[in-house]
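Convention: sequence-line order gives letters A, B, ...; per-chain numbering from 1. The figures here come from the full heavy-atom set of this structure, side chains too, leaving out hydrogens, waters and symmetry mates.
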2 protein chains.
Amino acid sequence: MMRLTRAGEYGVRAALHLANQPEGKITFVSEISEKQDVPRHFAAKVMQLLVRSGVVRSHRGVKGGFTLARPASKITLKDVIEGVEGQIFLNLCLIKKGECPRDDTCPVHLIWREAQDKLMEILDGVTVAELAETGRALEKKMSKKKR
Amino acid sequence: MMRLTRAGEYGVRAALHLANQPEGKITFVSEISEKQDVPRHFAAKVMQLLVRSGVVRSHRGVKGGFTLARPASKITLKDVIEGVEGQIFLNLCLIKKGECPRDDTCPVHLIWREAQDKLMEILDGVTVAELAETGRALEKKMSKKKR
DNA sequence: TTTATTTAGGATATAAAAGGTCTTAATTAT
DNA sequence: ATAATTAAGACCTTTTATATCCTAAATAAA
């Protein structure tokens with residue numbers, strides 16, 4: 001249905017949560033789960049995916065947990081989403097040349113390529129650090145409104 | 001998984017096939033199915049969806065079949081895809097204000113809005129008529145190459 | 001008016017993906 | 001040693017995707 005999965009969404013929340021923690025702090029899954037409204041066990045699974053794809057680093061044992069694998073300013077939204085979901089392809093025909101036998105003569109293929117490139121440009125054009133900062137600004141604005 | 005469904009893809013093929021037929025010709029499902037590599041019964045179902053969404057017109061009975069509901073130059077790629085799949089939303093939070101409780105303070109929401117708008121702009125910016133013409137040009141080019 | 005052909009609509013079936021839970025093992029600070 | 005924590009993967013349930021099939025309705029033509 002051409003939509004981000006919950007796992008993808010949860011991964012983004014987790015990355016943002018980590019970006020908002022003090023430098024060097026190791027964060028428990030339980031904290032991510034509670035603060036970001038992500039089911040406990042599902043969060044653990046998503047974190048595993050992010051570890052494997054090199055976005056976050058894990059620390060086992062007592063006082064173990066997760067940190068970002070590199071500065072938040074070096075992690076893009078695309079890194080996180082593809083870290084969880086695998087590479088994004090808006091249409092089968094984009095996976096690789098020859099995946100669709102109609103490749104050579106299909107005029108729609110070109111449009112999908114354009115859309116795909118544009119989407120990647122947008123997702124890869126914003127870092128977790130930037131998102132975290134925008135998030136903090138929005139929080140501030142909202143708390144003012146409430147008063 | 002953020003990908004166009006087969007139904008969506010088949011709908012596009014069907015619309016393109018109709019656009020390539022002579023003015024006024026009524027086309028059977030069987031022809032669409034064979035020429036566009038779409039399973040027969042699945043094609044019939046997709047055509048129904050396109051009829052309901054007003055992209056295609058049906059004609060029952062002997063010599064019945066399908067035609068485009070309006071000139072191909074008035075039908076965009078978006079019309080066809082959403083005609084089959086329903087409205088596209090890249091993330092749940094875009095469906096409507098309040099769908100995601102984190103709406104107000106989620107910084108990612110803004111990025112999804114941007115991506116969604118861009119995608120819609122691209123899909124709505126090309127008509128079935130244009131695609132059909134590009135398709136014919138590609139066919140010509142490829143048949144030359146073969147020789 | 002009958003018949004053959006075609007779409008309409010919906011029921012059904014199967015497989016895959018999404019979404020979530022649980023258990024056991026490995027690791028490690030205390 | 002012990003308790004706390006992630007790692008890995010098995011497992012489960014629901015939803016979506018991808019079809020197929022059957023009956024009804026429409027209609028052109030015989």
Side-chain angles (χ1 to χ4, degrees), chain A residues 1-14 18 25-34 36-69 81 83-92, chain B residues 1-14 18 25-34 36-69 81 83-92:
Chain A
M1 204 197 292
M2 214 147 136
R3 184 168 306 157
L4 186 73
T5 61
R6 300 314 284 159
E9 166 76 18
Y10 294 157
V12 172
R13 291 188 198 178
L18 292 182
K25 177 190 164 187
I26 294 180
T27 304
F28 302 148
V29 180
S30 57
E31 179 180 324
I32 295 170
S33 165
E34 284 161 26
Q36 301 299 320
D37 304 303
V38 179
R40 175 71 198 275
H41 288 92
F42 202 171
K45 172 176 278 190
V46 170
M47 294 315 288
Q48 274 178 51
L49 293 171
L50 287 176
V51 169
R52 282 191 222 173
S53 53
V55 172
V56 309
R57 181 170 301 145
S58 67
H59 307 263
R60 288 187 166 196
V62 179
K63 293 202 175 180
F66 300 91
T67 55
L68 292 178
I81 292 175
V84 174
E85 301 212 341
Q87 211 178 334
I88 291 174
F89 297 104
L90 288 182
N91 197 346
L92 265 182
Chain B
M1 205 193 293
M2 214 148 139
R3 186 168 308 157
L4 186 73
T5 62
R6 299 314 284 158
E9 166 74 17
Y10 294 158
V12 173
R13 291 189 198 177
L18 292 183
K25 178 189 163 189
I26 294 181
T27 304
F28 302 148
V29 181
S30 56
E31 179 180 323
I32 295 171
S33 164
E34 284 161 26
Q36 301 299 319
D37 304 303
V38 179
R40 174 73 198 273
H41 288 93
F42 203 171
K45 172 170 278 182
V46 169
M47 293 315 288
Q48 273 179 50
L49 293 171
L50 287 175
V51 169
R52 281 191 222 172
S53 52
V55 172
V56 153
R57 181 170 302 144
S58 68
H59 307 263
R60 288 189 169 195
V62 178
K63 294 203 174 178
F66 300 92
T67 55
L68 292 177
I81 293 175
V84 174
E85 301 211 341
Q87 212 178 334
I88 290 174
F89 297 104
L90 289 182
N91 196 346
L92 264 183

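Distance CZ (A:Phe42) to C1' (D:dC12): 13 Å, rounded to an integer number of Å. Going from atom CG of B:Leu4 over to atom C1' of D:dA17 covers 12 Å, rounded to whole Å. Atom CG of B:Asp37 and atom P of D:dT18 are 16 Å apart (whole Å). Atom NZ in B:Lys45 sits roughly 13 Å away from atom P in C:dA8 (whole-Å rounding). As rounded to whole Å, 18 Å separates atom C1' of C:dA18 from atom NE2 of A:His41. Computed from coordinates, the A:Arg40 CZ to C:dT23 C1' distance equals 14 Å when rounded to whole Å. If you measure from atom CG of B:Leu49 to atom C1' of D:dA19, you get 13 Å, rounded to the nearest angstrom. For the pair B:Leu18 CG and C:dT7 P, the computed distance is 11 Å after rounding to whole Å.
Of the residues near DNA chain D, A:Thr27 and A:Val62, the one whose nearest nucleotide (by heavy atom distance) lies more toward the 5' end is A:Val62.
Put simply, the side chain of A:Arg57 never gets that close to the backbone of A:Thr67: no donor and acceptor are under 3.5 Å apart. Looking at B:Glu85, its side chain never comes within 3.5 Å of a backbone N or O of B:Leu4 through a donor-acceptor pair. Using modelled atom types, no side-chain atom of A:Ser58 and backbone atom of A:Phe66 make a donor-acceptor pair closer than 3.5 Å. Between the side chain of B:Ser33 and the main chain of B:Val29, no donor-acceptor pair closer than 3.5 Å is present.
Dashed line: the shortest gap from a side-chain N or O of A:Lys63 to OP1 or OP2 of C:dT30 is under 4.0 Å. At C:dG20, one or more side-chain N or O atoms of A:Tyr10 fall inside 4.0 Å of OP1 or OP2 (strictly under the cut-off). Close to D:dA7, at under 4.0 Å from its OP1 or OP2, lies a side-chain N or O of A:Ser58.
Here the nucleotide nearest the side chain of B:Met1, chosen from C:dA18, C:dA8, D:dT6, is C:dA18. Ranking C:dG9, D:dA19, C:dG20 by closeness to the B:Arg6 side chain, first place goes to D:dA19. Candidate nucleotides C:dG9, C:dA26, C:dG19 were compared by shortest atom distance to the side chain of A:Arg60, and C:dA26 ranks first. The nucleotide whose nearest atom lies closest to any side-chain atom of B:Phe28 is, among C:dT7, C:dT27, D:dT20, C:dT7. Minimum atom distance to the side chain of B:Pro39 is reached by D:dT20, of the listed C:dT21, D:dT20, C:dG9. Here the side chain of A:Arg52 is nearest to one of D:dA25, D:dA7, D:dA8, namely D:dA8.
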Intermediate values then yes/no, side chain to side chain contact (heavy atoms under 4.5 Å, CB included), B:Leu18 and B:Met47: CA-CA 11 Å; B:Leu18 292 183; B:Met47 293 315 288; 4.0 Å; yes

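If you check every strand for non-hydrogen atoms under 4.0 Å, B:Met47 touches nothing. In this structure, A:Gly61 reaches the bases: a heavy-atom distance under 4.0 Å links it to at least one base atom across the strands shown.
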